Asks: 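This is the structure I have questions about; it appears just below.
The first residue of the sequence shown is numbered 1, and numbering continues consecutively from there. No hydrogens, no waters, no symmetry mates; every other heavy atom, side chains included, goes into these values. Here the structure is a predicted model, which is why all the values come from computation and not from measurement.
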Amino acid sequence: MEKRSKRIFIILFPAIFILAAAAGLCLFLYQQRYLPVSWSSESFSETDAVLDNPYRGFYQIHAYSLNEENESLAEALEKHIEENEALALVLVEINLKNYAESALSDNALAQVDTILSAWAESGRQIILRFLYDWDGNGRTSEPSSLGQILEHMEQVAEIVNRYADSVHILQGVFVGSYGEMNESAYLGEEDMTTLITRLAELTDPSIYLAVRTPAQWRTVTGLTSLPESFPASDGSLISRLGLYNDGILGSETDLGTYGDTSRAGSATPSDKGTRAEELAFQDELCRYVPNGGEVVSDYTLGDLDAAIDTLSQMHISYLNEGYDTAVLDAWKETTYTGDDVFYGCSGYDYISAHLGYRYILTGTDLKFSTWFNEEAILSFTVQNVGFASSTRDFEATITLQKTDGSDDASDHSDSDDDTTDTSIADSDDAAVNVSNAGPNNAAANVSNTASGPETKEFSYIAELNLRSLSCGESTDGTVRIPVRDLPEGSYTVSLMLTDPVTGEEIALASSPEKTEYGYPLGTLTIGAGGLTSDS
């Protein structure tokens with residue numbers, strides 16, 4: 001019996017030791033890995049604000065004629081810029097008629113530089129149109145040779161490219177009455193293609209180009225329909241070529257922009273389609289490239305819903321503030337009755353708010369497993385409720401702001417690799433910029449004010465593609481947050497969108513309202529009081 005007990009003890013002792021060691025290891029791993037994390041999302045709603053964002057909205061036209069004695073140019077520019085102060089966009093027209101049969105002089109080229117420099121310094125985004133005619137006499141005003149037009153393109157392109165960050169769109173190919181690509185000797189398929197192709201070769205690929213009609217777009221690209229995979233933002237002619245329409249709502253055909261017979265089954269790109277066909281074409285094309293222009297003598301006879309449907313299907317980003325006032329005034333006097341936050345406002349205010357892109361926040365989510373993840377993945381949903389996409393890339397920054405008295409050195413890293421330096425300089429108002437290694441190339445900013453509670457801000461670049469997000473569509477942005485490296489406590493998490501070209505912040509039509517760190521998304525709690533999200 002005694003021998004059997006010894007044998008049992010000999011057998012059980014190692015098992016008990018192993019179990020104890022395993023329990024100790026589990027406890028150790030638990031202590032090392034367990035991290036309670038919780039997320040509380042904000043509740044979002046749309047506001048009725050008309051947002052002052054770049055690349056969209058109403059514009060004014062300001063026109064300049066080049067000549068050898070342009071003594072009043074500086075005075076005119078100062079006056080025009082002051083008049084345009086309330087608008088983000090301007091249509092700058094530069095008339096070359098006085099040089100129709102010669103190269104542009106050095107004096108004329110200096111005037112082009114002066115015009116673009118002044119408008120660029122004003123902070124406006126420029127829609128630019130070179131032309132030879134303001135009187136409806138395109139054929140008699142333009143040069144007598146294609147070569148002269150091409151020479152003018154080559155001369156001004158170098159100047160235009162200097163201001164590529166400010167010139168948003170180049171409209172037309174210099175020819176036609178009012179520069180609108182009609183009533184010209186150079187709008188046959190070969191000449192028109194030569195002109196637009198050369199303009200694309202000469203100008204910075206970040207500048208959008210535009211032709212007057214969908215049929216002209218198909219003619220110069222040689223396409224009867226859009227490619228299955230649209231080459232957005234690759235710098236090619238197709239990726240840059242949008243539309244401008246100065247006859248919007250002017251008639252069933254938008255004053256000849258469309259045809260009156262179907263182009264169904266046509267193999268000829270230059271054939272115009274019916275209104276319905278060409279609106280459907282723009283609905284596809286203009287989610288990738290800009291479209292805008294002027295409304296004219298509204299043939300919908302004041303039907304606000306019909307006008308809104310048309311502008312939405314065309315994906316209109318910009319409209320002339322001064323034409324046609326009969327239409328614009330009718331919109332101002334008509335009440336919008338849609339089932340949304342704009343109910344009861346004027347049709348003009350509704351359209352103004354929806355030109356171009358208009359982003360709202362609709363939800364958030366946080367994913368983190370305390371056993372398997374080093375980082376939490378925060379996602380946030382952005383919806384575009386404007387008429388058009390941005391056609392530009394914006395940068396999304398997520399900032400975590402913490403205000404409490406927790407220990408600076410408290411973190412949850414189980415590695416000797418200290419990726420976040422949370423030390424604070426011995427100063428009354430110290431600020432330390434810290435680089436965080438990680439897949440999202442995060443950058444954290446840590447600051448401290450001695451006179452108040454400890455405040456920390458950590459900022460990270462999120463992945464978010466809004467460029468081709470069309471009206472009514474939503475997309476998710478994501479950011480990886482290294483929660484194990486952050487001090488315990490609660491953080492207010494905010495989103496800020498920025499245009500890297502202009503440096504402007506992109507306003508959202510969302511409530512809660514923006515703070516200095518952006519639009520609040522929710523509250524992240526790390527450590528005591530947090531519940532781990534394993535979803």
Asks: Find out whether Tyr323 and Val296 are in side-chain contact, i.e. whether some heavy atom of one side chain is under 4.5 Å from a heavy atom of the other.
Replies: yes

Asks: Check the surroundings of atom CG in Asp106: do more than 12 heavy atoms from other residues, nucleotides or ligands lie under 6.0 Å from it?
Replies: no

Asks: Hydrogens and angles aside, do Gln60 and His62 bring a side-chain donor and acceptor to less than 3.5 Å of each other?
Replies: yes

Asks: Which heavy-atom pair separates Gly136 from Asp133 by the least distance, and what is that distance?
Replies: N-OD2, 2.8 Å

Asks: Identify the two heavy atoms, one from Ile81 and one from Arg124, that lie closest to each other, and give their separation to 0.1 Å.
Replies: O-NH2, 4.0 Å

Asks: Side chains of Asn245 and Asn291: is there a donor and an acceptor less than 3.5 Å apart?
Replies: no

Asks: Check for a donor-acceptor pair, side chain of Ser122 on one end and backbone N or O of Trp119 on the other, with a separation under 3.5 Å.
Replies: yes

Asks: Kindly determine whether Arg240 and Asp204 satisfy salt bridge (Lys or Arg N to Asp or Glu O under 4.0 Å), including the steps that lead there.
Replies: CA-CA 10 Å; Arg240 299 172 60 190; Asp204 190 290; over 6 Å; no

Asks: Shortest non-hydrogen contact from Leu464 to Ala396?
Replies: CD2-CB, 3.9 Å

Asks: Taking the side chain as every heavy atom from C-beta outward, state whether Asp365 and Ile377 have any atom pair closer than 4.5 Å.
Replies: no

Asks: As a quick check of understanding, evaluate side chain to side chain contact (heavy atoms under 4.5 Å, CB included) for Asp349 and Ser346, giving each step before the final call.
Replies: CA-CA 5 Å; Asp349 286 343; Ser346 74; 3.3 Å; yes

Asks: Decide, yes or no, whether a salt bridge links Glu277 with Lys272 under the criterion of side-chain N to carboxylate O below 4.0 Å.
Replies: no

Asks: Over 60° means perpendicular and under 30° means parallel, so classify the ring planes of Phe387 and His354, tilted if in between.
Replies: tilted

Asks: Write out all pairs satisfying side chain to side chain donor-acceptor pair (under 3.5 Å) with one or both partners inside residues 183-195, taking only residues at least two apart or from two chains.
Replies: Glu142-Ser184

Asks: Before giving the answer on side chain to side chain contact (heavy atoms under 4.5 Å, CB included), spell out for Phe394 and Thr498 the whole-Å C-alpha distance, their side-chain angles and the decisive distance to 0.1 Å.
Replies: CA-CA 6 Å; Phe394 298 141; Thr498 308; over 6 Å; no

Asks: Less than 3.5 Å apart, any donor N or O on the side chain of Arg218 or Thr224 sitting next to an acceptor on the other?
Replies: no

Asks: Give a yes or no on whether the backbone of Leu469 and the side-chain of Tyr357 come within a donor-acceptor separation of less than 3.5 Å.
Replies: no

Asks: Any chance you could measure Thr399, atom OG1, to Leu495, atom CG, to the nearest 0.5 Å?
Replies: 9.0 Å

Asks: Would you say Val112 and Ile115 make side-chain contact, with heavy atoms under 4.5 Å?
Replies: no

Asks: Quick one, Leu89 and Asn84 - any side-chain contact, counting heavy atoms below 4.5 Å?
Replies: no

Asks: For Tyr318 and His168, which I'm curious about, is there any donor-acceptor pair between the side chains at under 3.5 Å?
Replies: no

Asks: Looking just at side-chain N and O atoms, do Tyr336 and Asp340 make a donor-acceptor pair shorter than 3.5 Å?
Replies: yes

Asks: Would Tyr348 and Tyr350 count as a ring pair (Phe, Tyr, Trp, His ring centres under 6.0 Å) if you check the C-alpha gap in whole Å, the side-chain angles of each, and the deciding distance to 0.1 Å?
Replies: CA-CA 5 Å; Tyr348 182 89; Tyr350 179 90; over 10 Å; no

Asks: For Ser511, what residues pass the side chain to side chain contact (heavy atoms under 4.5 Å, CB included) criterion, not counting sequence neighbours?
Replies: Ser45, Thr47

Asks: With a 3.5 Å cut-off and no angle check, do the side chains of Asp234 and Ser236 form a donor-acceptor pair?
Replies: yes

Asks: Decide side chain to side chain contact (heavy atoms under 4.5 Å, CB included) for Val160 and Leu202; before the verdict, give the C-alpha distance in whole Å, the side-chain angles of both, and the deciding distance to 0.1 Å.
Replies: CA-CA 10 Å; Val160 171; Leu202 291 167; over 6 Å; no

Asks: Does any pair with a residue in residues 57-81 pass salt bridge (Lys or Arg N to Asp or Glu O under 4.0 Å), and if so which ones, sequence neighbours excluded?
Replies: Lys79-Glu83

Asks: Which residue pairs pass the ring pair (Phe, Tyr, Trp, His ring centres under 6.0 Å) test when at least one of the two sits in residues 135-163, sequence neighbours left out?
Replies: Tyr132-His152

Asks: Does any part of the side chain of Thr213, heavy atoms only, come nearer than 4.5 Å to the side chain of Leu243, both counted from C-beta?
Replies: no

Asks: Can you name the residues that form a salt bridge (Lys or Arg N to Asp or Glu O under 4.0 Å) with Glu201, not counting sequence neighbours?
Replies: Arg198

Asks: Are Leu96 and Ile94 close enough that some pair of their side-chain heavy atoms sits under 4.5 Å apart?
Replies: yes

Asks: How close do Ser474 and Thr381 get, counting heavy atoms only, and between which atoms?
Replies: CB-CG2, 4.0 Å

Asks: Is Arg287 salt-bridged to Glu473, going by a charged N under 4.0 Å from an acidic O?
Replies: yes

Asks: Is it possible for you to check whether Arg392 lies under 6.0 Å from the centre of the six-membered ring of Tyr55, through NZ or CZ, and within 45° of that ring's axis?
Replies: yes

Asks: Between Gly292 and Ile248, which heavy-atom pair has the shortest distance, and what is it?
Replies: C-CD1, 4.4 Å

Asks: With a 3.5 Å cut-off and no angle check, do the side chains of Gln313 and Asp283 form a donor-acceptor pair?
Replies: no

Asks: Got Arg358 and Glu46 here, is their nearest side-chain heavy-atom distance under 4.5 Å?
Replies: yes

Asks: Within the 4.5 Å heavy-atom criterion, are Leu170 and Thr203 side-chain neighbours or not?
Replies: yes

Asks: Gln383 and Tyr359: side chain to side chain contact (heavy atoms under 4.5 Å, CB included), yes or no, with the steps?
Replies: CA-CA 6 Å; Gln383 184 180 18; Tyr359 299 132; over 6 Å; no

Asks: Between Asp271 and Glu278, what is the shortest heavy-atom contact and its length?
Replies: O-OE2, 4.5 Å

Asks: Just list the side-chain donor-acceptor pairs under 3.5 Å for residues 325-333, sequence neighbours left out, or say none.
Replies:
none

Asks: Would you say Glu158 has more than 12 foreign heavy atoms packed within less than 6.0 Å of its CD?
Replies: no

Asks: Are Thr391 and Ser389 linked by a side-chain donor-acceptor pair shorter than 3.5 Å?
Replies: no

Asks: Tell me whether Lys97 at atom NZ has more than 12 heavy atoms from other residues, nucleotides or ligands lying less than 6.0 Å away.
Replies: no

